Amino acid sequence: MTVCVCVKVNECMVFASDSATSMDGSGKLDQDGNPIQQVYRYGNKLFQIHRTHPIMAMTCGIGNFGKASIATLAKEFRSMISDTGETPLGPGYKMSTVAEMAHDFFIENRFKKANEAADGAITGGFELWIGGYSDGEETPELWKISVFKGVPNQPILVANSDTAGVWCGGQPDPILRLINGFGWRLDSILKENDITPESHPKLYANLPAALHLPLAHPLMPIQDAIDLADFLADMTKKVFRFRAVPEYVSGDIDIATVTRFERFRWIRRKHYYPPQLNQETDHV
């Protein structure tokens, strides 16, 4: 469980994620008969993917494949596609190539091996959002690789280089309610009450545009895009603080950007050691 947010405008792409990592109790129950839930607050879900090229990633859903956390696997993937790695990107690379390489590494290799070792018992969801610039492009792209209910999907282009907006994963309902005017359950609720696209085509055609709250403008400056991503992630975190459920969205909010010329930059980042020791950069 988590929230991860992307704000994409002409000048940059911003990723923001919380730090909550939740563990189920492997079928164990507490004294009241409820499933045991443990939420840790220092998970790492936002990663620099390449030292030279402006590419980053964030994750939600399954936090590890076998014994390896997604954060550890992100470091391994970064090493693999580095200039001195086994399969370097090289000049002229495309973000579609990065997404395919990530799919092969995370899904075809690591996920499927972990699922085989678990006798097909991995039935959860996993998302890896990859954002960055193809070599020579002026604006970034957003890609997603995913597993839904244990079934892998092919990489999809979520937003091409001409698109601006907000995208989110993990626990998106608070953000969807704010921007779209309704949560993710509206469609099923309408259908349960016999309101379908066939019975009410005008309602389905007009409702999204009528309720949409535009927040991300293509010409938004970098700092404003950062502030918007921070606000949306923090809002979701606060919603889960007051809901009568475990704080599945909690902990510090990490924020990073990629731009065409500055490439990857941490804007805010937690550490497990004192800030005065934070002088080295050789990690994700």
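Count residues from 1 along the sequence. The structure presented is a predicted model; accordingly, all values stated were derived computationally and were not measured.
Counting only distance, with no hydrogens or angles, the side chain of Asp254 and the backbone of Ser17 share no donor-acceptor pair below 3.5 Å. Side chain of Asn64 to backbone of Ser69: no donor-acceptor contact under 3.5 angstrom is found. A donor-acceptor pair under 3.5 Å is formed between the side chain of Lys8 and the backbone N or O of Asn160. Although no hydrogens or angles enter the test, the distance criterion places no donor-acceptor pair under 3.5 Å between the side chain of His53 and the main chain of Asp135.
Residues Met56 and Met13 form a side-chain contact, since some pair of their non-hydrogen atoms from C-beta on lies under 4.5 Å apart. Using a 4.5 Å heavy-atom threshold, the side chains of Pro155 and Glu100 count as touching. Put simply, the side chain of Phe47 reaches to within 4.5 Å of the side chain of Ile70, judged on heavy atoms. With contacts defined as side-chain heavy-atom distances shorter than 4.5 Å, the pair Asn10/Leu219 qualifies. Taking 4.5 Å as the limit, some side-chain heavy atom of Cys6 sits within range of a side-chain heavy atom of Phe15. A heavy-atom distance below 4.5 Å is found between the side chains of His212 and Ile179. Looking at Arg268 and Asp230, their side chains come closer than 4.5 Å, going by heavy atoms from C-beta outward. Leu89 has its side chain within reach of Ile55: a pair of non-hydrogen atoms, C-beta onward, lies under 4.5 Å apart.
In plain terms, the two heavy atoms of Val9 and Ala164 that are nearest each other are CA-CB, 4.2 Å.
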Quiz item: Between Trp143 and Ser96, does a side chain to side chain contact (heavy atoms under 4.5 Å, CB included) hold up when you go through it step by step?
Solution: CA-CA 8 Å; Trp143 289 76; Ser96 58; 3.6 Å; yes
Quiz item: Between Thr259 and Glu11, is a side chain to side chain contact (heavy atoms under 4.5 Å, CB included) present by the stated rule, with each step listed?
Solution: CA-CA 7 Å; Thr259 61; Glu11 282 203 86; over 6 Å; no
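Checked against Glu247 for a salt bridge (charged side-chain N to carboxylate O under 4.0 Å, His left out), the options Arg241, Arg41, Lys237, Lys238 give a single hit: Arg41. A side chain to side chain contact (heavy atoms under 4.5 Å, CB included) with Ile130 is found for exactly one of Val158, Val98, Leu142, namely Val98. Ser19 pairs in a side chain to side chain contact (heavy atoms under 4.5 Å, CB included) with only one of the listed residues (Asn44, Ile253, Asp252), which is Asp252.
A perpendicular orientation is assigned to the rings of Phe111 and Phe65, their planes being inclined by more than 60° (bins at 30° and 60°). Relative orientation of the Phe77 and Phe105 rings is tilted, given thresholds of 30° and 60° on the angle between their planes.
Here Glu108 pairs with Lys112 in a salt bridge; the nearest charged N to carboxylate O distance falls below 4.0 Å. Salt-bridge formation is not detected for the pair Lys94/Glu141: no Lys NZ or Arg NE/NH1/NH2 atom is positioned less than 4.0 Å from an Asp or Glu carboxylate oxygen.
For Lys270, the NZ atom counts as densely surrounded, since its 6.0 Å shell holds more than 12 non-hydrogen atoms of other residues, nucleotides or ligands. At most 12 non-hydrogen atoms from other residues, nucleotides or ligands lie less than 6.0 angstrom from CD of Glu86.
Phe182 forms part of a hydrophobic cluster together with Leu186, Leu190, Ile195, Leu203, Tyr204, Leu207, Leu211, judged by ILVMFWY side-chain heavy-atom separations under 4.5 Å.
Using modelled atom types and a 3.5 Å distance limit, the side chains of Ser134 and Glu137 yield no donor-acceptor pair. Between the side chains of Asp83 and Thr52, at least one donor-acceptor pair of N or O atoms lies under 3.5 Å.
A cation-pi arrangement, defined by a distance under 6.0 Å to the six-membered ring centre and an angle within 45 degrees of its axis, is absent between Arg110 and Phe106.
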